[in-house]
Amino acid sequence: MLARKSIIPEEYVLARIAAENLRKPRIRDRLPKARFIAKSGACNLAHKNIREQGRFLQDIFTTLVDLKWRHTLVIFTMSFLCSWLLFAIMWWLVAFAHGDIYAYMEKSGMEKSGLESAVCVTNVRSFTSAFLFSIEVQVTIGFGGRMMTEECPLAITVLILQNIVGLIINAVMLGCIFMKTAQAHRRAETLIFSRHAVIAVRNGKLCFMFRVGDLRKSMIISASVRIQVVKKTTTPEGEVVPIHQLDIPVDNPIESNNIFLVAPLIICHVIDKRSPLYDISATDLVNQDLEVIVILEGVVETTGITTQARTSYIAEEIQWGHRFVSIVTEEEGVYSVDYSKFGNTVKVAAPRCSARELDEKPSILIQTLQKSELSHQNSLRKRNSMRRNNSMRRNNSIRRNNSSLIVPKVQFMTPEGNQNTSES
């Protein structure tokens with residue numbers, strides 16, 4: 001069956017579709033912002049076109065510690081194998097130069113017993129036996145089948161040299177493995193930050209807050225918190241600074257600026273005239289190209305190593321008008337921490353203006369609190385009225401059910417015409 005022809009001309013349809021496409025606004029997805037510090041604390045920075053690669057070999061120990069585990073284990077294994085092979089070649093050359101190999105090949109079994117005191121190393125007949133003797137010397141196994149004699153001063157020199165090289169390799173590689181297992185960032189894995197930061201009113205001031213906690217019982221000694229704002233700025237001369245760092249103070253009543261991280265704490269920054277967030281309102285925060293970096297430093301109690309934990313908050317991860325819920329409770333004389341609510345927040349009343357506007361017009365805060373109180377009272381009234389209505393409906397339904405259960409009265413007529421009323 002053929003399709004019917006459209007009543008509307010084709011040219012008109014094409015023009016209409018083109019006009020509709022022109023009217024529709026083209027919304028492009030906003031590209032995710034490249035953050036300087038990842039949520040895990042890793043620096044999101046790629047080093048390219050480094051020409052002087054030899055500088056890394058000048059600090060070979062730090063280079064070995066910074067390598068990945070698979071690369072470290074490969075270097076660890078290859079260093080021993082190469083040293084064993086190198087000294088196996090040297091032992092074979094010593095035996096070859098002294099004529100020990102030819103002596104063992106020419107003499108019969110009965111005559112070989114007299115060669116033990118005339119050779120440099122006993123029972124070194126081939127490269128395989130020289131390789132086994134090299135392993136025995138460096139690892140100090142000492143099976144007893146091969147041993148040194150006093151015939152060759154050169155062999156004694158090679159023995160001393162191999163022992164020194166073996167000790168150096170053991171010291172370097174064991175030191176690298178120890179440093180890799182005891183690195184400071186391993187301890188930072190149990191230092192956690194809240195996934196979101198909040199901005200709310202505290203003590204009459206707008207404050208930027210986040211929560212930090214330690215999952216281990218061993219404490220971080222002399223723990224301190226630093227906050228920096230990283231954003232792209234342009235100087236009056238037109239120079240573009242892609243990573244402009246600004247320190248912002250932390251509100252801490254202790255003069256030493258250290259925190260006692262025995263339980264999760266809410267770190268607070270008062271947004272005042274010194275703060276880079278002073279001119280930012282709730283509507284401006286969404287379009288801001290900034291990143292707040294948080295750095296926690298301290299000394300590990302068990303090892304004495306200085307550790308550092310980092311995280312960052314971009315504009316999308318800052319919740320305006322929220323507050324962290326309480327997670328520390330007292331149960332039977334012991335303080336209990338519920339980490340399942342570590343990052344939970346609740347919505348609170350907060351002015352949507354910037355801190356500068358709030359300082360210039362303090363009445364904004366009063367009006368916001370009054371509106372919040374009124375809305376809270378209205379919600380309570382609605383809740384109470386709903387409860388009243390529900391209770392009245394419940395009572396009415398109970399009455400209906402009770403009335404349906406009442407037994408009806410039945411009247412009987414007797415032959416004499418009297419009426420007897422009975423209940424059935």
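- Checked by atom type and distance alone, the side chain of K39 pairs as donor or acceptor with a backbone atom of R195 at under 3.5 Å.
- The closest side-chain heavy-atom distance from I164 to Q162 is not below 4.5 Å.
- Using a 4.0 Å cut-off between charged nitrogen and carboxylate oxygen, D272 and R274 count as a salt-bridge pair.
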Let's go through V198 and F208 carefully: what are the C-alpha distance in whole Å and the side-chain angles of both, what is the deciding distance for side chain to side chain contact (heavy atoms under 4.5 Å, CB included) to 0.1 Å, and is it a yes or a no? CA-CA 6 Å; V198 299; F208 172 86; over 6 Å; no
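- A perpendicular orientation is assigned to the rings of F80 and F76, their planes being inclined by more than 60° (bins at 30° and 60°).
- The minimum heavy-atom distance linking F342 with V212 is given by the pair CZ-C, 3.9 Å.
- Nearest heavy-atom pair across I271 and L277 is CG2-O, 3.4 Å.
- In terms of heavy atoms, S134 sits closest to S83 at OG-O, 4.4 Å.
- Contact check for I280 versus S354: no side-chain heavy atoms found under the 4.5 Å cut-off.
- Looking at Q319 and T345, their side chains come closer than 4.5 Å, going by heavy atoms from C-beta outward.
- Proximity of I192 to L215: side-chain heavy atoms (C-beta onward) are separated by under 4.5 Å at one or more points.
- When all heavy atoms are compared, the tightest approach of E291 to S312 is OE2-OG, 2.9 Å.
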Go through it in stages, so that I can follow the logic: the residues are F324 and K341, the test is side chain to side chain contact (heavy atoms under 4.5 Å, CB included), and I'd like the CA-CA distance, side-chain angles, deciding distance and then a yes or no. CA-CA 9 Å; F324 289 105; K341 302 177 183 178; over 6 Å; no
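- Remark: side-chain polar atoms of K180 are paired, donor with acceptor, to backbone N or O of L67 under 3.5 angstrom.
- Formation of a donor-acceptor pair under 3.5 Å by the H269 side chain with backbone atoms of P249 is found in this model.
- The aromatic rings of F210 and Y313 lie tilted to each other, with the angle between the two planes from 30° to 60°.
- Going from atom OG1 of T306 over to atom CD of Q308 covers 10.0 Å, rounded to the nearest 0.5 Å.
- Within the model, atoms SG of C120 and CD1 of I156 stand 9.0 Å from one another, a figure rounded to the nearest 0.5 Å.
- For the pair R146/L132, a side-chain contact is recorded, criterion being any heavy-atom separation below 4.5 Å from C-beta on.
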Apply side chain to side chain contact (heavy atoms under 4.5 Å, CB included) to F127 and I89, showing your working. CA-CA 7 Å; F127 180 77; I89 294 171; 3.7 Å; yes
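- Judged purely by distance below 3.5 Å, without hydrogens or angles, the side chains of E357 and S281 never pair a donor atom with an acceptor atom.
- Remark: L246 CG to T233 OG1 distance equals 7.5 Å, nearest 0.5 Å.
- Taken to the nearest 0.5 Å, the CD atom of E301 stands 11.0 Å off from the OG atom of S222.
- Nearest heavy atom pair, residue A95 against residue V124, reads CB-CG1, 4.1 Å.
- Not counting sequence neighbours, the partners of E297 by the salt bridge (charged side-chain N to carboxylate O under 4.0 Å, His left out) test are R226.
- The backbone N or O of G238 lies less than 3.5 Å from no partner atom in the side chain of T234, so there is not a single donor-acceptor pair.
- No side-chain heavy atom of M219 sits under 4.5 Å from any side-chain heavy atom of D214.
- Remark: R356 engages D279 in a salt bridge, criterion side-chain N to carboxylate O under 4.0 Å.
- Side-chain atoms of W320 never come within 3.5 Å of backbone atoms of L285 as a donor-acceptor pair (strictly under, hydrogens ignored).
- Within a 6.0 Å radius of OH in Y339, other residues, nucleotides and ligands contribute more than 12 heavy atoms.
- Side-chain atoms of S79 come within 3.5 Å of backbone N or O of I75 as a donor-acceptor pair.
- Atom-to-atom distance recorded for N44:CG and F36:CZ is 9.0 Å, nearest 0.5 angstrom.
- Between the CD1 atom in I37 and the CD1 atom in I295 there is a gap of 7.0 Å [rounded to 0.5 Å].
- Taking the side chain as every heavy atom from C-beta outward, T190 and R187 approach each other to under 4.5 Å.
- Side-chain contact between I259 and I220 is absent, with no heavy atoms from C-beta onward closer than 4.5 Å.
- In terms of the ring-ring contact (aromatic ring centres under 6.0 Å, His included) criterion, residue partners of F133 (sequence neighbours excluded) are, by chain and number, W91.
- Side chains of T63 and D66: a donor-acceptor N/O pair is absent below 3.5 angstrom, by distance only.
- Using a distance-only test at 3.5 Å, with no hydrogens or angles considered, no donor-acceptor pair links the side chain of E317 to the main chain of H196.
- Of all heavy-atom pairs between Q138 and I169, the closest is NE2-CD1, 4.3 Å.
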Show, in sequence, the C-alpha distance, side-chain angles and deciding distance for L296 and L261, and conclude whether the side chain to side chain contact (heavy atoms under 4.5 Å, CB included) test is met. CA-CA 11 Å; L296 172 63; L261 196 60; 4.1 Å; yes
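- In terms of modelled atom types and a separation under 3.5 Å, the side chain of T77 and the main chain of V74 share no donor-acceptor contact.
- Put simply, the side chain of S194 gets close to the backbone of R211: a donor and an acceptor are under 3.5 Å apart.
- At least one donor-acceptor pair closer than 3.5 Å links the side chain of T157 to the backbone N or O of P153.
- Atom CD of E150 has 12 or fewer neighbouring heavy atoms from other residues, nucleotides or ligands inside a 6.0 Å radius.
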